[in-house]
Novice: 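Before I ask anything, let me first share the structure, which is written out below as structure tokens.
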Amino acid sequence: MNQKNLEFLVDQIKYTGFGDTLTPALKEQMEKGEKEFTIAHEASFGSGTLSSELSFKKSDQSELYFFNSYKAALQKEGASHAPEQIFYVSKDNTFTMKEAFNLLEGRAVNKDLRNKEGEMYNCWTKLNFTDAESNGNFKMNQYHQNYGYDLEAAVSKHSIKELETPKFKEDLLNSLKKGNLQSVTFVVSGVESKMYIEANPHFKTVNVYDANMQRINHRESKAEKQQQGEDKSVSREQKNNVEGVKGQEERKRNKQSHSI
């Protein structure tokens with residue numbers, strides 16, 4: 001077993017968010033010298049348990065092992081199905097274990113990623129649970145910088161106490177970028193109340209929940225209301241067009257009938 005290879009993998013596992021509890025199992029598997037192996041990991045969060053399977057494979061050209069990917073499945077209490085996703089591990093495009101949990105929870109994560117041309121770019125990423133790749137993975141929707149989502153502006157539209165302190169504000173924004181559901185203090189007419197918020201890049205807003213995790217509907221974003229209004233407008237227009245065509249056809253038939 002290559003000691004430096006072990007140390008590198010231990011650091012990589014820590015960086016990916018799995019801590020250092022897997023080191024003994026990793027060392028044992030590497031000493032066996034098998035071509036490839038997996039190590040299981042489980043983490044419990046307030047709203048569910050994330051079960052991960054870390055995959056390692058030995059190089060064809062050397063004795064070095066590589067941490068290639070991990071498959072994460074989120075099991076929530078009372079849920080009959082546990083969504084799962086394979087997250088690939090690389091130098092620049094790795095999602096941490098907590099970010100994987102947040103993505104499987106349905107939230108968006110902000111990351112600096114590298115494209116195929118080697119150029120770095122920043123974007124918000126969210127799993128599309130209605131569309132899957134050929135390998136079974138959910139496709140990832142990306143909202144790039146030119147999409148125009150300004151997280152700080154979206155948060156600042158709400159009367160959040162933590163925004164009054166620069167350090168708390170910075171911590172809040174960083175937490176939301178990681179995809180976390182963040183506890184905040186709303187101040188309305190001098191009355192403080194505990195709320196939860198999460199980033200919503202698609203509608204360029206933040207979702208707000210009360211202390212019981214119920215969505216605050218009356219705080220729906222202007223963008224969401226506008227889109228809903230546009231959808232209704234399109235539906236009405238389509239309906240009017242159909243009725244208009246029917247009316248023209250009926251008048252045409254009546255005119256032909258009078259002519260006869």
Side-chain angles (χ1 to χ4, degrees), residues 1-77 79-107 109-121 123 125-129 131-140 142 177-180:
M1 182 192 71
N2 187 303
Q3 182 63 29
K4 288 187 177 181
N5 186 205
L6 172 63
E7 294 172 358
F8 175 82
L9 291 175
V10 168
D11 288 340
Q12 194 175 27
I13 291 172
K14 287 182 182 179
Y15 174 79
T16 314
F18 292 98
D20 54 9
T21 60
L22 301 181
T23 301
L26 174 64
K27 183 178 180 181
E28 179 183 352
Q29 291 291 343
M30 291 178 65
E31 288 175 340
K32 290 181 180 179
E34 295 181 358
K35 181 66 178 176
E36 53 187 294
F37 60 86
T38 60
I39 299 177
H41 180 276
E42 190 171 282
S44 295
F45 299 92
S47 57
T49 299
L50 190 73
S51 300
S52 301
E53 188 177 80
L54 287 66
S55 297
F56 300 84
K57 188 174 182 179
K58 185 189 289 186
S59 170
D60 294 329
Q61 287 76 36
S62 68
E63 295 298 308
L64 299 179
Y65 281 96
F66 293 93
F67 176 24
N68 293 322
S69 64
Y70 65 94
K71 181 168 66 175
L74 177 59
Q75 183 63 58
K76 304 187 74 170
E77 186 176 352
S80 58
H81 174 67
E84 62 180 39
Q85 183 86 351
I86 297 175
F87 294 92
Y88 295 97
V89 178
S90 63
K91 182 180 179 181
D92 299 303
N93 297 351
T94 300
F95 287 92
T96 66
M97 183 263 291
K98 182 61 187 303
E99 290 171 341
F101 168 79
N102 287 334
L103 287 168
L104 288 169
E105 274 262 278
R107 291 188 289 274
V109 173
N110 183 267
K111 295 282 285 186
D112 289 322
L113 302 174
R114 190 179 298 277
N115 61 23
K116 295 180 180 179
E117 289 72 33
E119 301 169 333
M120 295 296 297
Y121 66 97
C123 73
T125 300
K126 187 176 183 181
L127 294 181
N128 184 346
F129 294 108
D131 198 0
E133 305 278 5
S134 58
N135 65 352
N137 260 8
F138 298 112
K139 289 186 178 180
M140 289 188 171
Q142 291 192 342
K177 288 179 179 180
K178 293 177 181 177
N180 293 326

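Index from 1, following the sequence.
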Novice: Could you check whether any side-chain N or O of Q85 sits under 3.5 Å from a backbone N or O of F138, counting only pairs where one atom can act as donor and the other as acceptor?
Specialist: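 Yes; judged by distance alone, with no hydrogens or angles, the pair exists.
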Novice: Minimum heavy-atom separation for S55 and T38, please, with both atom names.
Specialist: OG-CG2, 3.8 Å
Novice: Where is the tightest heavy-atom contact between S51 and E42, given as atom of each residue plus distance?
Specialist: OG-OE1, 3.5 Å
Novice: Any chance you could measure S62, atom OG, to N5, atom CG, to the nearest 0.5 Å?
Specialist: 7.5 Å
Novice: What's the shortest heavy-atom distance between F67 and T16, and which atoms?
Specialist: CE2-OG1, 3.8 Å
Novice: Roughly how far, to the nearest 0.5 Å, is the CD atom of Q75 from the OG atom of S44?
Specialist: 11.5 Å
Novice: Around atom CZ of F45, are there more than 12 heavy atoms of other residues, nucleotides or ligands at under 6.0 Å?
Specialist: yes
Novice: Should we count CD of E133 as having more than 12 external heavy atoms under 6.0 Å?
Specialist: yes
Novice: Out of curiosity, L74 CG to H81 NE2, how far, rounded to the nearest 0.5 Å?
Specialist: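 Nearest 0.5 Å value for the CG-NE2 distance: 10.0 Å.
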Novice: Considering only heavy atoms from C-beta outward, does the side chain of T125 approach that of L113 to under 4.5 Å?
Specialist: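 A side-chain contact under 4.5 Å exists here.
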Novice: Show the numbers, then the answer: is there a side chain to side chain contact (heavy atoms under 4.5 Å, CB included) between N2 and E63?
Specialist: CA-CA 7 Å; N2 187 303; E63 295 298 308; 5.7 Å; no
Novice: Check whether any side-chain heavy atom of R107 lies under 4.5 Å from a side-chain heavy atom of F101, and answer yes or no.
Specialist: yes
Novice: Can you confirm whether more than 12 heavy atoms, excluding those of K35, are under 6.0 Å from its NZ atom?
Specialist: yes
Novice: Do L64 and F8 come close enough that some side-chain heavy atom pair is under 4.5 Å?
Specialist: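 A side-chain contact under 4.5 Å is absent here.
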Novice: Nearest heavy-atom pair of G106 and F129: which atoms, and what distance?
Specialist: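 What the structure gives for the nearest pair is CA-CE1, 3.8 Å.
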Novice: Counting only heavy atoms from other residues, nucleotides and ligands, does the tally under 6.0 Å from NZ of K71 exceed 12?
Specialist: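 Result for NZ/K71: open.
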Novice: Test side chain to side chain contact (heavy atoms under 4.5 Å, CB included) on L127 and M140; report intermediate values, then the result.
Specialist: CA-CA 5 Å; L127 294 181; M140 289 188 171; 3.8 Å; yes
Novice: Compare all side-chain heavy atoms of N115 with those of Y121 and state whether any distance is below 4.5 angstrom.
Specialist: yes
Novice: Do K178 and E99 sit within salt-bridge range, that is, some charged N less than 4.0 Å from a carboxylate O?
Specialist: no
Novice: When rounded to the nearest 0.5 angstrom, what distance separates CG in L9 from CD in E7?
Specialist: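 So the gap between those two atoms works out to 10.5 Å.
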Novice: Nearest 0.5 angstrom please: N68 CG to E36 CD, how far?
Specialist: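 Answer for the CG-CD pair, N68 versus E36, is 9.0 Å.
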Novice: Ignoring hydrogens, what is the shortest heavy-atom contact between A40 and L22? Give both atom names and the distance.
Specialist: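 The pair with the smallest heavy-atom distance is O-CD2, 3.7 Å.
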Novice: Would you mind reporting whether I13 and F56 have side-chain heavy atoms less than 4.5 Å apart?
Specialist: yes
Novice: K27 pairs by side chain to side chain contact (heavy atoms under 4.5 Å, CB included) with which of E31, M30, Q29?
Specialist: E31
Novice: Measure the CG-CZ distance between L54 and F18 for me, rounded to the nearest 0.5 Å.
Specialist: 4.5 Å
Novice: Do D112 and M120 have side chains that get closer than 4.5 Å, going by heavy atoms?
Specialist: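 Touching, per the 4.5 Å side-chain cut-off.
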Novice: Might you point out which heavy atoms bring A25 and I39 nearest each other, and give the distance in Å?
Specialist: C-CD1, 4.0 Å
Novice: Quick one: are L26 and Y65 in side-chain contact, heavy atoms under 4.5 Å?
Specialist: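 In short, these two side chains do not touch, never coming nearer than 4.5 Å.
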Novice: Only one of K111, R114, K116 passes salt bridge (charged side-chain N to carboxylate O under 4.0 Å, His left out) with D92; say which it is.
Specialist: R114
Novice: Is any side-chain heavy atom of M97 closer than 4.5 Å to one of F87?
Specialist: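 A side-chain contact is absent here, since even the closest heavy-atom pair is not under 4.5 Å.
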